[in-house]
Student: 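Okay, here's the structure, questions in a sec.
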Protein chains: 2
Amino acid sequence: MKLDFSPVECCDSVEIHESLLKIVDEKMPPEDELYDLAELFKIFGDSTRIRILFVLFEAEVCVCDLARALNMTQSAISHQLRILKQSQLVKSRREGKSVFYSLADDHVRTIISQGLEHVEE
Amino acid sequence: MKLDFSPVECCDSVEIHESLLKIVDEKMPPEDELYDLAELFKIFGDSTRIRILFVLFEAEVCVCDLARALNMTQSAISHQLRILKQSQLVKSRREGKSVFYSLADDHVRTIISQGLEHVEE
DNA sequence: TGAACATATGAACGATTGTTCATATGATGA
DNA sequence: TCATCATATGAACAATCGTTCATATGTTCA
């Protein structure tokens, strides 16, 4: 990440450059928020997790059923559920031997359906 | 991905299992759509690309200014812009030696701000 | 308590990702 | 045409990711 603010600007427009820095300063969310945001979208960036979420949109489901419904191993699903839970997109509840997972809040639904709209057009 | 639909069901509730498969069949978007959706969110799952998009929310900018504003190499930015363009989140326009990038549509804004809401709470 | 079942988790693996470096392409103006 | 500036891109690298396998933890019931 080498940077050279030499007196001779590239794009030869110092003004645009200045106003750009102003934009970055004023409108760009703080570093940690950007990081969290990217981290959130990263969660949605895997089709296994998306499929899990689509199931949870409709019902509270235990790990074993989730695995069979999505045709994947229990371990793979469990690992992904852990990631979803750590990101607080999903919550769990134990009932006997089983653990039932459900959506943590309805925000997820909105984000995913916005994404779907973009993809479907 | 070995799966064993033995007669003895785990979670011992065949009914829930059946209704789950119904959900998956009826409510789950088709395979390729899920893939595209994950692919879309993957794009947002990197803070460099998010920062680029935040700048483009405010202005049409050339690669060189983008690189300086975000304090990154021209090459790194160019690579990411290519990804953003391939996903049709961003469009470009040549003006002399420079290439100016801008948002392809306002859908992006909505998706990102939904994400921000979730992160900020 | 011990067998059986449901879930969680650590290590290991191949696959994918983002950046860097070097260089190619494209445009301008002398 | 040549030098220069702006951008694009291919190869290489370390880092991260998702799955599998083996196994640990937790719960129930006999």
Side-chain angles (χ1 to χ4, degrees), chain A residues 1-4 6-13 16-17 34-35 38-39 41-52 60-87 90-101, chain B residues 1-4 6-13 16-17 34-35 38-39 41-52 60-87 90-101:
Chain A
M1 200 168 305
K2 62 181 156 187
L3 210 35
D4 176 20
S6 55
V8 180
E9 303 279 342
C10 86
C11 301
D12 74 336
S13 66
I16 289 181
H17 185 203
L34 286 175
Y35 184 81
E39 218 56 26
F41 285 126
K42 215 173 279 177
I43 304 292
F44 297 131
D46 173 75
S47 57
T48 296
R49 287 190 292 266
I50 295 237
R51 295 198 308 149
I52 290 176
E60 189 191 42
V61 188
C62 70
V63 181
C64 147
D65 276 346
L66 214 33
R68 281 184 309 190
L70 300 182
N71 202 29
M72 297 192 64
T73 64
Q74 176 269 323
S75 181
I77 294 295
S78 200
H79 276 296
Q80 298 306 341
L81 283 170
R82 194 164 73 92
I83 292 174
L84 288 168
K85 196 178 179 186
Q86 281 174 339
S87 317
V90 138
K91 61 182 188 243
S92 67
R93 171 182 71 82
R94 184 174 270 279
E95 190 179 309
K97 282 179 290 183
S98 299
V99 176
F100 285 83
Y101 282 82
Chain B
M1 195 171 301
K2 65 180 158 191
L3 208 36
D4 177 17
S6 55
V8 180
E9 304 279 340
C10 85
C11 300
D12 74 337
S13 65
I16 289 181
H17 186 204
L34 286 174
Y35 184 82
E39 218 57 24
F41 285 126
K42 215 173 278 178
I43 304 291
F44 297 132
D46 173 74
S47 56
T48 296
R49 288 191 290 265
I50 294 236
R51 295 199 306 149
I52 290 176
E60 187 191 42
V61 188
C62 70
V63 180
C64 148
D65 275 348
L66 214 32
R68 282 184 311 193
L70 299 181
N71 203 29
M72 297 193 65
T73 65
Q74 175 269 321
S75 181
I77 295 295
S78 200
H79 276 297
Q80 298 305 341
L81 282 171
R82 195 164 72 91
I83 292 173
L84 288 169
K85 197 178 176 187
Q86 281 174 340
S87 316
V90 137
K91 61 182 187 242
S92 67
R93 170 181 71 82
R94 184 173 270 279
E95 189 179 310
K97 282 179 291 185
S98 300
V99 176
F100 285 83
Y101 281 82

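Note on naming: letters A, B, ... go to the chains in the order of the sequence lines (proteins, then strands), and numbering restarts at 1 for each one. Worth saying up front: this structure is predicted, and the values here are computed from it rather than measured.
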Student: Are any of the side-chain heavy atoms of B:Met72 and B:Arg51 separated by less than 4.5 Å?
Tutor: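 SC-SC contact between B:Met72 and B:Arg51 confirmed.
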Student: Write down the distance between CD (B:Gln74) and P (C:dA24), rounded to a whole number of angstrom.
Tutor: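 Result: 15 Å.
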Student: Okay, side chain of B:Arg94, backbone of B:Gly96: is any donor-acceptor separation there less than 3.5 Å?
Tutor: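 Yes, B:Arg94 side chain to B:Gly96 backbone: donor-acceptor pair under 3.5 Å.
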Student: Just how far, in rounded Å, is P of C:dT19 from CG of B:Leu70?
Tutor: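 Atom-to-atom, B:Leu70 to C:dT19, this comes out as 11 Å.
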Student: Determine yes or no for a side-chain-to-main-chain donor-acceptor pair under 3.5 angstrom, with A:Arg49 supplying the side chain and B:Ala38 the backbone.
Tutor: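 Absent.
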Student: Rounded to the nearest angstrom, tell me the gap between atom CZ in A:Arg82 and atom C1' in D:dA24.
Tutor: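 The distance from CZ of A:Arg82 to C1' of D:dA24 comes to 14 Å, rounded to the nearest Å.
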Student: Looking at the side chain of A:Ser75, which of C:dG10, D:dA6, C:dA6 is the nearest nucleotide?
Tutor: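 Nearest to the side-chain atoms of A:Ser75, counting from C-beta on, is C:dG10.
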Student: In whole Å, what is the span from the CD atom of B:Gln86 to the C1' atom of D:dA8?
Tutor: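 That distance rounds to 12 Å.
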Student: Roughly how far, to the nearest 0.5 Å, is the CD1 atom of B:Ile43 from the CD atom of B:Gln86?
Tutor: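 Interatomic distance, B:Gln86 CD to B:Ile43 CD1, rounded to 0.5 Å: 8.0 Å.
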Student: When rounded to the nearest 0.5 angstrom, what distance separates OH in A:Tyr101 from SG in A:Cys62?
Tutor: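 That separation rounds to 10.5 Å.
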Student: Looking only at the side chain of B:Tyr101 (C-beta and beyond, no hydrogens), which of the listed nucleotides D:dT9, D:dT20, D:dA8 gets closest?
Tutor: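 When the side chain of B:Tyr101 is considered, D:dA8 is the closest of D:dT9, D:dT20, D:dA8.
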Student: Can you measure B:Arg68 atom CZ to D:dC5 atom C1' for me and round it to whole angstrom units?
Tutor: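 Atom CZ in B:Arg68 sits about 12 Å away from atom C1' in D:dC5.
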Student: Within the sub-3.5 Å range, which N or O atoms of nucleotides 26-30 of chain C have a protein N or O partner, and how far apart are they?
Tutor:
none

Student: Let me spell it out: for each of A:Ile83 and B:Val99, pick the nucleotide of DNA chain D with the closest heavy atom. Which residue's pick is nearer the 5' end?
Tutor: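 The answer here is B:Val99.
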Student: To the nearest Å, give me how far apart NE2 (A:His79) and P (C:dA8) are.
Tutor: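 My rounded result for the distance is 10 Å.
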Student: Between B:Leu84 (CG) and C:dT17 (C1'), how many Å, whole number?
Tutor: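 From B:Leu84 CG to C:dT17 C1': 14 Å.
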Student: Starting at CD of A:Gln80 and ending at C1' of C:dG10, how long is that distance when rounded to a whole Å?
Tutor: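 Result: 15 Å.
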Student: For residues 41-50 of chain B, which residues have at least one heavy atom under 4.0 Å from DNA chain C?
Tutor: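 The answer is B:Lys42, B:Asp46, B:Thr48, B:Arg49.
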Student: Any chance you could measure A:Ile77, atom CD1, to A:Leu70, atom CG, to the nearest 0.5 Å?
Tutor: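 Here the interatomic distance stands at 5.0 Å.
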Student: Could you walk me through whether B:Arg68 and B:Asp65 satisfy the side-chain contact (heavy atoms from CB on, under 4.5 Å) test, starting with their C-alpha distance in whole Å, then the side-chain angles of each, then the deciding distance to 0.1 Å, before giving a yes or no?
Tutor: CA-CA 5 Å; B:Arg68 282 184 311 193; B:Asp65 275 348; 2.3 Å; yes
Student: With the side chain counted from C-beta on, respond yes when A:Gln80 and A:Ile83 share a heavy-atom pair under 4.5 Å apart, and no when they do not.
Tutor: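 They are in side-chain contact.
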Student: Can you measure from OG (B:Ser78) to CG (B:Leu66) and round to the nearest 0.5 angstrom?
Tutor: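 Interatomic distance, B:Ser78 OG to B:Leu66 CG, rounded to 0.5 Å: 10.0 Å.
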Student: From the options C:dT19, D:dT9, C:dT7, select the nucleotide whose nearest atom is closest to the side chain of B:Ser78.
Tutor: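 Side chain of B:Ser78 sits closest to D:dT9.
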